[in-house]
Amino acid sequence: GIETVEAHAERIDREGKRLKVILSGGEPIYGRTVIAALGRSGNHRTLDVPGEDLDKVFNRLYDPKDFRGQKTLVVGGGDSAMETAIALAKAGSEVTLTYRKKDFSRPKPENVDMILALSENPNAEASVEDPDSERVTTASGDFLAEDRGAGSLTLKMPTDVVEIRPESVILRDGEGNPETIPNDVVFTMIGREPPLDFFRRSGVRIQGEWGIKNYAAMASFILFCVWMYLWKSGGNPIHNFWVSHSWFPYNLSEVFSDLMENPKSLLGTIAISMTQPAFYYGLAYALIVSVFGWRRIARRRTPYVTKQTLALILIQVIPLFILPYILLPWMGHNGWLPRTFADIFFPVVDYDPHGREYWRAAGFILAWPLFIHNVFTNEPLWGWLVVCFLQTFVLIPAMIYFWGKGAYCGWICSCGALAETLGDTHRTKMPHGPKWNRLNMAGQVILFFGFFLLLLRILAWLGVPGLGGIFYHLNDKVYKFTVDIFLAGIIGVGLYFWFSGRVWCRFFCPLAALMHIYTRFSRFRILSEKKKCISCNVCTSVCHQGIDVMNFANKGVPMNDPECVRCSACVQSCPTGVLYFGQVDSNENEIRVDKTPASPVRMNEGG
Ligand code: SF4
Ligand code: SF4
Ligand code: SF4
């Protein structure tokens, strides 16, 4: 049965394996699990301006007719503010709507249309039968005017409220100019603060709130990534130091010397690979993607996630690990690879203990300019040049045309594999907003640098004097360390647990920047059933590419943001099943819906 206790819960403490709910003025309650069903909304947000405590300031509208003939100010740019302003204007109030931005982007488009229409003509048709806002408790429409006529609606955007006085308010426009307007009543419809204090008192870490421990943990992990990427890559002091001291794994040459004498045996081949850091990096990567991939499948439970994750695991394990580090070298040592094929794709070298560059096989999956090493070579490797050209300029554009950038970034690429598996529970850490969106352009700069290097490389191959040295310097000294090691490795992986797993993908990846051009011609969209959207913002918050998905969904506009990697988190997390993958024609009309279910709600609805 259910026992009810009426009391104020102050916080939750842990006591051994039990949780203790501390009640004010009562005995604590113990339990193994506590569900804090506090709702998502806490106290009303405040403007923090003088005069906010005056009796004329409200944050809820009960009966708009009470304010007929009065000068009212509505503060806010969301649906609550819009529905308040519409009801007041229709009831005969002289309404001023103030909002700190110059455009409305979040409210429902029909509310925006009504506000704009009323600002032009107070008698324009406008009605809200069933307000979305829990703070507007009455329907609105022409009936509110009761033959006395509507009031008026004036928009003041962008403006901030500076002060509220008994008979006026002071606003400040975007250039800092103050304006005093007569006023009888103010409605602050600017949302609520989440109820976080209870969790803070209970010692629950709140995402986005940083303390010294977070900074220390992030700095330590970044330092670890610095070491790892320098250890794994050649041509740097850490790597050279490791080799010169014969530290792990270079010391294994002695341990495995017997096995290594017979490279034709499978164990002999593996033993040779085990003397190289890249083997352990590839192994760890494949294991992490597999383990966290299974966890993602168990957590998300949609056919889309299952298929996508299995594809990512298989690609990571077979072509990106077993093939270059075990299968190809083993076949090569046994003479099972056709000689011409081996010479074209895996040139003979001295520095690699297998005698050939089998690591280049990663280029069958990773395309230029993400994986530059098969193109930026001393001599042209014609086989790889053909493969890279087909990947980058034929296959990927074709895939994007039908299925969007996510066909590669969400289903094939190894960086995507790690982000969708290890990064699955860190999606909400990606920062959103216009300031961060500006950094999205960094990838274009790196892409330009990549094309510039390609031009230099080709001209140097053609024998233009002096360019070989410049290319070598820019590629080996600048690009490799700043882009490959620092941005892709140290920053991309180092920020994983604090800023989500897609930092490199969203901001810096040059292949993504190239794909953004292809996506302009793509048919892929995330489509939405606008009428089901409750503007809860879940889809936006789970998007680890920083896309404001809700801004498309609540307007019913097909989502065509090129950053989308088709992870399906927004579709899967939407509580009302608004979103689904599909395709549109050139007029943005829906022409196809994806067959693989990605939304549990739509699956239950039979959609
Ligand atoms: S953005 Fe770049 S690194 Fe990330 S998944 Fe796509 S291609 Fe791979
Ligand atoms: S998660 Fe669904 S209901 Fe919530 S805002 Fe997004 S599309 Fe709308
Ligand atoms: S829009 Fe949705 S599918 Fe696309 S990246 Fe964001 S969460 Fe993933």
Side-chain angles (χ1 to χ4, degrees), residues 40 79 106 108 132 300 304-305 308 312 315 365-371 391-392 396 399-400 403-420 423-424 427-428 430 432 440 443 446-447 483-484 487-489 492-493 500-516 518-519 524-581 594 598-599 601-602:
R40 294 175 62 238
D79 283 314
R106 309 287 295 202
K108 292 188 160 185
D132 267 3
R300 303 279 173 188
Y304 183 91
V305 164
Q308 183 194 37
L312 291 169
I315 289 171
I365 299 297
L366 305 178
W368 184 91
L370 173 64
F371 188 74
Q391 280 174 329
T392 305
I396 289 180
M399 283 163 57
I400 289 176
W403 302 294
K405 181 182 120 187
Y408 186 82
C409 294
W411 283 74
I412 294 174
C413 180
S414 58
C415 301
L418 199 65
E420 299 307 336
D424 187 41
R427 293 172 190 280
T428 52
M430 173 57 82
H432 287 64
N440 292 358
I446 297 171
L447 175 66
V483 179
D484 256 13
L487 290 175
V493 178
S500 93
R502 287 278 188 182
V503 170
W504 157 257
C505 295
R506 174 180 172 190
F507 297 118
F508 305 116
C509 175
L511 178 55
L514 183 61
M515 291 196 279
H516 291 174
Y518 301 153
T519 55
F524 165 75
R525 298 287 186 275
I526 296 181
L527 301 159
S528 52
E529 272 185 77
K530 181 177 88 168
K531 62 180 186 307
K532 289 163 78 180
C533 179
I534 54 170
S535 298
C536 65
N537 208 40
V538 167
C539 49
T540 295
S541 65
V542 296
C543 180
H544 56 171
Q545 288 289 112
I547 302 168
D548 188 358
V549 188
M550 185 181 98
N551 200 23
F552 292 88
N554 65 8
K555 297 185 174 95
V557 177
M559 205 289 296
N560 63 349
D561 194 308
E563 289 286 351
C564 178
V565 290
R566 231 192 137 118
C567 66
S568 88
C570 57
V571 178
Q572 192 264 339
S573 308
C574 174
T576 54
V578 172
L579 303 166
Y580 53 102
F581 292 135
D594 261 28
S599 158
V601 177
R602 294 180 78 85

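Predicted model, so just to flag it, every value in this text is computed and none were measured. Just so you know, ligand 1 is whichever comes first in the structure, and atom 1 is the first atom listed for that ligand. Hydrogens, waters and symmetry mates play no part in the numbers below; they use all other heavy atoms, side chains included.
- If you look at M515 next to ligand 1, the close heavy atoms, those under 4.0 Å, all belong to the side chain.
- Close approach to T576 involves these atoms of ligand 2, each under 4.0 Å from a residue heavy atom: 3 (S).
- Of all non-hydrogen atoms in C505 and C415, the two that sit nearest each other are SG-CB, 4.3 Å.
- Residue contacts with ligand 2 do not include S528, since none of its heavy atoms lies under 4.0 Å from the ligand.
- Ranking protein heavy atoms by distance to atom 5 (S) of ligand 1, first place goes to R502 NH1, 3.3 Å.
- Of all the atoms in ligand 1, the ones that sit under 4.0 Å from a non-hydrogen atom of C509 are 1 (S), 2 (Fe), 3 (S), 7 (S).
- Only the side chain of C413 comes within 4.0 Å of ligand 1, counting heavy atoms alone; its backbone N, CA, C and O stay farther away.
- Side chain of S599 to main chain of Q572: no donor-acceptor pair is present (N/O by atom type, distance under 3.5 Å, no hydrogens or angles).
- Two residues are said to be in side-chain contact when any heavy atoms from C-beta on lie closer than 4.5 Å; C567 and H544 meet this criterion.
- For ligand 1, the atoms closer than 4.0 angstrom to any heavy atom of L511 are 7 (S).
- Between G546 and M430, the closest heavy-atom pair is N-CG, 3.7 Å.
- Close approach to P575 involves these atoms of ligand 2, each under 4.0 Å from a residue heavy atom: 1 (S).
- Looking at S573 against ligand 2, nothing comes within 4.0 Å, counting heavy atoms.
- Under 2.8 Å from atom 6 (Fe) of ligand 1 lies an N/O/S atom of C409, whether from backbone or side chain.
- Considering only non-hydrogen protein atoms, atom 4 (Fe) of ligand 1 sits nearest to C505 SG, 2.3 Å.
- With salt bridges taken as basic N to acidic carboxylate O contacts below 4.0 Å, one links E420 and R427.
- In this structure, the protein non-hydrogen atom closest to atom 8 (Fe) of ligand 2 is C533 SG, 2.4 Å.
- Of the N and O atoms on the side chains of R566 and Y304, at least one donor lies less than 3.5 Å from an acceptor on the other residue.
- No donor-acceptor pair closer than 3.5 Å links the side chain of R525 to the backbone N or O of P558.
- Residue, atom and distance of the protein heavy atom nearest to atom 3 (S) of ligand 1 are W504 NE1, 3.2 Å.
- Set against the non-hydrogen atoms of A512, the atoms of ligand 1 under 4.0 Å away are 1 (S).
- The CZ atom of F552 sits 5.5 Å away from the CG atom of N560 when rounded to the nearest 0.5 Å.
- Heavy-atom proximity to Y408, at under 4.0 Å, picks out these atoms of ligand 1: 7 (S).
- Here the closest non-hydrogen pair linking K405 and A512 is NZ-CB, 4.2 Å.
- The contact set between ligand 1 and G416, taken as ligand atoms under 4.0 Å from a residue heavy atom, comprises 5 (S).
- Excluding waters, the count of protein N/O/S atoms less than 2.8 Å from atom 4 (Fe) of ligand 3 comes to 1.
- Close contacts between ligand 2 and A553 involve ligand atoms 7 (S) [criterion: under 4.0 Å to a heavy atom].
- Note that the CG atom of N554 and the OG1 atom of T540 stand 8.5 Å from one another [nearest 0.5 Å].
- Near V578, with a cut-off below 4.0 Å to any heavy atom, the atoms of ligand 2 are 2 (Fe), 3 (S), 7 (S).
- Considering all non-hydrogen atoms of both residues, V601 and C574 come closest at CG2-O, 3.6 Å.
- Contacts with ligand 2 closer than 4.0 Å are made by backbone heavy atoms (N, CA, C, O) of N537 only, the side chain lying farther away.
- Short contacts between ligand 2 and C539, defined as distances under 4.0 Å to a heavy atom of the residue, involve ligand atoms 1 (S), 5 (S), 6 (Fe), 7 (S).
- The distance from the CD1 atom of I396 to the OH atom of Y408 is 5.0 Å, given to the nearest 0.5 Å.
- No side-chain heavy atom of W504 sits under 4.5 Å from any side-chain heavy atom of L418.
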- Take I365 and F371 through the side-chain contact (heavy atoms from CB on, under 4.5 Å) test and state the conclusion after the steps. CA-CA 9 Å; I365 299 297; F371 188 74; over 6 Å; no
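- Close contacts between ligand 1 and C415 involve ligand atoms 3 (S) [criterion: under 4.0 Å to a heavy atom].
- With 3.5 Å as the limit, one finds no donor-acceptor pair spanning the side chains of R506 and Q545.
- C574 SG, 2.3 Å is the protein heavy atom nearest to atom 2 (Fe) of ligand 2.
- C536 and M550 make their closest contact through N-SD, 4.1 Å (heavy atoms, listed as atom of the first residue, atom of the second, distance).
- Within the 4.5 Å cutoff, no side-chain heavy atoms of F581 are placed close to those of L579.
- Of all atoms in ligand 2, numbered sequentially from 1 with element shown, those under 4.0 Å from a heavy atom of M550 are 5 (S).
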